[in-house]
Trainee: 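Take this structure first; my questions come after.
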There are 2 protein chains.
Amino acid sequence: MRTAILDHAIDLLVTEGAAALTMRRIASGIGASTKVLYTMFGGKEGLVDALYREGFARLRRAQQRAHRAEDPLTRLNDLAAAYRAHALAEPAYYRVMFEQAVPGYQPSAEALDAAESAFDASVEAVQACIDSGVFAPGDAREISKLLWAAAHGAVSLEIAGHFPPETAARRFHTLTAAVGQAFLADEHGQGRTS
Amino acid sequence: MRTAILDHAIDLLVTEGAAALTMRRIASGIGASTKVLYTMFGGKEGLVDALYREGFARLRRAQQRAHRAEDPLTRLNDLAAAYRAHALAEPAYYRVMFEQAVPGYQPSAEALDAAESAFDASVEAVQACIDSGVFAPGDAREISKLLWAAAHGAVSLEIAGHFPPETAARRFHTLTAAVGQAFLADEHGQGRTS
DNA sequence: AAAATTGGGTAACAGCGTTACCTCCGAGTT
DNA sequence: AACTCGGAGGTAACGCTGTTACCCAATTTT
């Protein structure tokens, strides 16, 4: 039952966007009354919270699927590409997760913690880059977050319409590569990022 | 009259957030009926469009105010810092501009064009870095957009709650510095970003 | 078997964006 | 100067939203 509600909510979100995500439509879509949603999720906020977590769970699975290549730097690149592909595949989900597409919702601390686990694969890949000497020693978690911010910035501007489609992919790659480059092992004497 | 409406709408947006930005509240706040808003702006979308443009106009002014330092690289850093400061000073505005805090609104092509002018100062600063030999030759507009994406990503994650306050400033600086570093003139033989 | 508790449907409330209707004020015409 | 006419603005309604008080049926407990 709970999964039926979530499935239909996700379907509405993906096919018609966040504006169509109303309690009445979800309820009528599963042939029930809105009361069920309130006993089950406590309100729209609880339902959106479930969608938020589901969105990051999907992102985590997408990242794990991309976590295959041998070379650690290639793996990191693949993860970044998978991040963008996942975001663009379901922009409505991305908006729920990062921009608050549902007006009132603010993720709780637990939800934010759960979201963080979506980037475990990225942290591992960065750590592998450090361990193999490709990256200089450093905090893998911190570097991963910076890569995330760069990727998120590029994707977010793309979804918002500021990056035209034909250049968005190139910019995404250039930006993530530029950030990655800053953490390369110091083989050439270039400056270190503070 | 038009400015009175916008002033009150901005006031509502800044002090109570996007959720309080309703046609009825704006109208009653200026002691008029909602009909005025519709004859003047054509609907909520037109009003939010005006707020969107105003937000980028304010950002542009904030960038111009920060555009003072002599050293081009310092100037670019100042612009980045001003960008973050401006975004954090009025997060509700930032949400209207980048995340679509008002459910239905999607900026028109003209609005996106107008938004772009907010980054003229950044493009100029990048061009100055190239002209003075600090940056390698390249497309200043393109580099500026990448810096923008990085800054936006860090600020956006900060506002969304993913970056705790005490580390957000450091991460913002590290990230923008890392991106800037990738475009430095090739004095040390480090690899070039493709 | 009777009683208590729980889950779900109905219908209502307040508030939202929007608009049809009407009034009324000011400008242009005769 | 009076009269008409056009458009700006207020009133009130429509259909929608999230939410909940009320009620009934069904299930579980004693």
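Everything numeric here is computed off the predicted structure, so don't read it as measured data. Lettering of chains follows the sequences in order, A, B, ..., and the numbering in each one begins at 1.
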Trainee: For a quick check of understanding: with a heavy-atom distance under 4.0 Å over all strands, which category does B:L21 fall into, base, sugar-phosphate or nothing?
Mentor: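 Contact class for B:L21: sugar-phosphate only.
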Trainee: Would you please confirm or rule out a distance under 4.0 Å between OP1 or OP2 of D:dG9 and any side-chain N or O of B:S33?
Mentor: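 No, outside the criterion.
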Trainee: If you measure from the Lys or Arg side-chain nitrogens to the Asp or Glu carboxylate oxygens, is any gap between A:E142 and B:R171 under 4.0 Å?
Mentor: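 Counted as a salt bridge, because a side-chain N and a carboxylate O are separated by less than 4.0 Å.
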Trainee: With no angle test and no hydrogens, is the base of C:dG15 tied to the side chain of B:R24 by a donor-acceptor pair under 3.5 Å?
Mentor: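 Not at all, since no donor on one side and acceptor on the other fall under 3.5 Å apart.
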Trainee: Specify the separation, in whole Å, of atom CD1 of B:I30 and atom P of D:dA8.
Mentor: 15 Å
Trainee: Counting only heavy atoms and a strict 4.0 angstrom limit, can you tell me which residues of residues 35-44 of chain B come near DNA chain D?
Mentor: B:K35, B:V36, B:T39
Trainee: Using atom CG of A:L12 as one end and atom P of D:dG18 as the other, report the distance to the nearest whole Å.
Mentor: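 Checked: the CG to P distance equals 11 Å.
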Trainee: Rounded off to whole Å, could you give me the CD1-to-P distance for the B:I26 and C:dT18 pair?
Mentor: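 So the CD1-P distance, B:I26 to C:dT18, works out to 11 Å.
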Trainee: Name the orientation class of the two ring planes belonging to A:F163 and B:W148 (parallel below 30°, tilted from 30 to 60°, perpendicular beyond 60°).
Mentor: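 A:F163 vs B:W148 ring planes: perpendicular.
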Trainee: Classify the ring geometry of A:Y94 against A:H152: parallel below 30°, tilted from 30° to 60°, perpendicular beyond 60°.
Mentor: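 Tilted: the ring planes of A:Y94 and A:H152 meet at 30° to 60°.
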Trainee: The criterion is salt bridge (charged side-chain N to carboxylate O under 4.0 Å, His left out); which residues satisfy it with A:R84, sequence neighbours excluded?
Mentor: A:E158
Trainee: Does the side chain of A:S156 pick up a donor-acceptor pair with the side chain of B:S156 at under 3.5 Å?
Mentor: no
Trainee: Any salt bridge linking A:D49 with A:R53? Criterion: basic side-chain nitrogen under 4.0 Å from a carboxylate oxygen.
Mentor: yes
Trainee: Between A:M23 (CE) and C:dC16 (P), how many Å, whole number?
Mentor: 19 Å
Trainee: For B:Y105 and C:dC16, give me the distance from atom OH to atom C1', rounded to whole Å.
Mentor: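 Going from OH in B:Y105 over to C1' in C:dC16 covers 21 Å.
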Trainee: Figure out the CZ/P separation between B:R25 and C:dC16, and round it to whole Å.
Mentor: 8 Å
Trainee: Measure from the side-chain heavy atoms of A:T34 and tell me the nearest of C:dT10, C:dT18, D:dT20.
Mentor: D:dT20
